[in-house]
Amino acid sequence: MIGRRRREGTLPDAPEHPGLLLHPATPGSAAATSGSDGAPPRFTDGPADVLLRRLELTVRRRLDGLLQGDHLGLVPGSGSEAGDSRTYHPGDDVRRMDWPVTARTQVPHVRETIADRELETWAVVDLSASLDFGTANCQKRDLAIAGLAAVGHLTVHGGNRLGAVVTTGERVDRYPAQPGRLNAERLLRSVVATPRAAGGRRGDLAQALEALRRPERRRGLVVVISDFLGDSDWERPLRGLGTRHELLAVEVVDPRELELPDVGLLTVVDPETGQTLEVPTGDAEFRARYAEGAAAQRERVAAALRRAGAGHLQLRTDRDWLMDVVRFVAERRRAGNGGASR
């Protein structure tokens with residue numbers, strides 16, 4: 001039970017997946033204030049264009065200045081971007097002599113340059129039925145879309161291109177990588193308009209990753225946005241992508257997937273199988289086993305992502321997701337080892 005996608009009880013206004021708990025927006029609740037900083041907009045609350053504009057303004061206001069999105073190339077080579085100086089060796093092009101350094105050191109130096117290569121970013125977005133769930137500020141689906149908006153903002157500059165592969169378990173949609181902010185906004189609108197998966201249908205993240213592997217695309221950055229629940233058949237294609245591309249995994253989590261509240265006997269439904277269970281949440285020992293199993297499951301996901309060589313960013317529906325993005329990018333920049341900044 002711990003390793004499967006269980007969801008909490010039924011509400012009258014939850015037609016998409018009967019049996020799911022879909023963050024009731026009661027007055028004064030955290031869900032009712034999702035327009036504030038810390039929670040992405042809920043795309044069931046109004047026109048998508050208005051909500052996307054609100055999301056875009058929030059992302060720009062809080063992320064501008066963190067990362068400019070320029071990409072200096074995955075391999076060194078000739079270009080116009082100035083690099084480091086090194087000692088002159090016979091056969092070097094004298095037009096690249098670094099005269100100021102040569103004068104200071106009295107040793108001939110040449111100036112290296114860095115290849116001018118734009119970054120091609122591909123996002124694999126999991127919008128399977130398990131993401132139509134949330135018990136805090138938003139649904140996981142809303143948070144996945146917000147994560148994609150942040151990726152676009154951090155990478156679409158200076159000719160960089162952004163494309164996406166979106167999977168619901170019923171369909172896989174491919175959007176070609178194109179440059180420019182307008183194309184990124186158009187991509188985001190298309191992802192928001194993706195129909196929700198029907199209940200009882202499993203997601204297929206592995207298929208979406210394989211769709212990105214073949215045919216091979218130019219070397220770049222691959223961002224995988226998912227809750228990584230269910231079968232772990234996604235690990236092998238993810239490792240395959242890691243041999244050619246830099247990887248970033250954005251894990252979307254709801255607090256009820258980590259621990260259960262004491263609410264007595266609870267009816268839960270797995271949206272990807274339709275199976276229903278009665279869960280005795282009033283039993284402290286059961287809640288402890290659930291939390292232990294959930295922690296072990298998340299550790300298995302984290303270990304699989306490490307084996308694939310992916311950076312790991314976790315976004316939660318009960319936390320300020322943009323601050324999590326800010327902390328992640330700042331840590332990667334300090335470490336100087338890639339991620340969304342490379």
Chemist: Taking C-beta and beyond as the side chain, do Tyr290 and Val279 meet within less than 4.5 Å on heavy atoms?
Modeler: no

Chemist: Under a 4.5 Å cut-off applied to non-hydrogen side-chain atoms, are Arg327 and Asp324 in contact?
Modeler: yes

Chemist: Asp283 versus Arg289: any side-chain heavy-atom pair under 4.5 Å?
Modeler: no

Chemist: So which atom in Met97 and which in Val110 form the shortest heavy-atom distance, rounded to 0.1 Å?
Modeler: SD-CG1, 3.8 Å

Chemist: Is there a continuous path of hydrophobic side-chain contacts, each under 4.5 Å between heavy atoms, that joins Ile145 to Val253?
Modeler: no

Chemist: Any link between Phe228 and Leu247 through a network of hydrophobic side chains (Ile, Leu, Val, Met, Phe, Trp, Tyr) touching at under 4.5 Å?
Modeler: yes

Chemist: Output yes when Glu56 and Arg181 qualify as a salt bridge under the 4.0 Å nitrogen-oxygen rule, no when they do not.
Modeler: no

Chemist: Is there a donor-acceptor pair under 3.5 Å between the side chain of Asp254 and the backbone N or O of Thr135?
Modeler: yes

Chemist: Hey, quick one: are Leu182 and Leu187 part of the same hydrophobic cluster, counting side-chain heavy atoms closer than 4.5 Å, chains of contacts allowed?
Modeler: no

Chemist: So which atom in Pro195 and which in Thr168 form the shortest heavy-atom distance, rounded to 0.1 Å?
Modeler: O-CG2, 3.8 Å

Chemist: Going only through I, L, V, M, F, W and Y residues with side-chain contacts under 4.5 Å, is there a path from Val268 to Leu258?
Modeler: no

Chemist: Assess whether atom CZ of Arg86 is packed by more than 12 heavy atoms of other residues, nucleotides or ligands within 6.0 Å.
Modeler: yes

Chemist: Taking all atoms of both residues into account, what is the closest heavy-atom pair of Thr281 and Arg287, and its distance?
Modeler: O-NH1, 2.6 Å

Chemist: Thr121: which residues meet the side chain to side chain contact (heavy atoms under 4.5 Å, CB included) condition with it, sequence neighbours left out?
Modeler: Leu119, Val151, Thr155, Leu162, Leu221, Val223

Chemist: Does some side-chain heavy atom of Leu212 sit less than 4.5 Å from a side-chain heavy atom of Arg174?
Modeler: no

Chemist: Locate the shortest heavy-atom distance separating Glu170 from Ala197; write the atom from each residue and the value.
Modeler: OE1-CA, 3.9 Å

Chemist: Less than 4.5 Å apart, side chain to side chain, heavy atoms only: is that true for Gln314 and Arg319?
Modeler: yes

Chemist: When hydrophobic residues are tied together by side-chain contacts of less than 4.5 Å, even through go-betweens, does Phe286 share a cluster with Leu277?
Modeler: yes

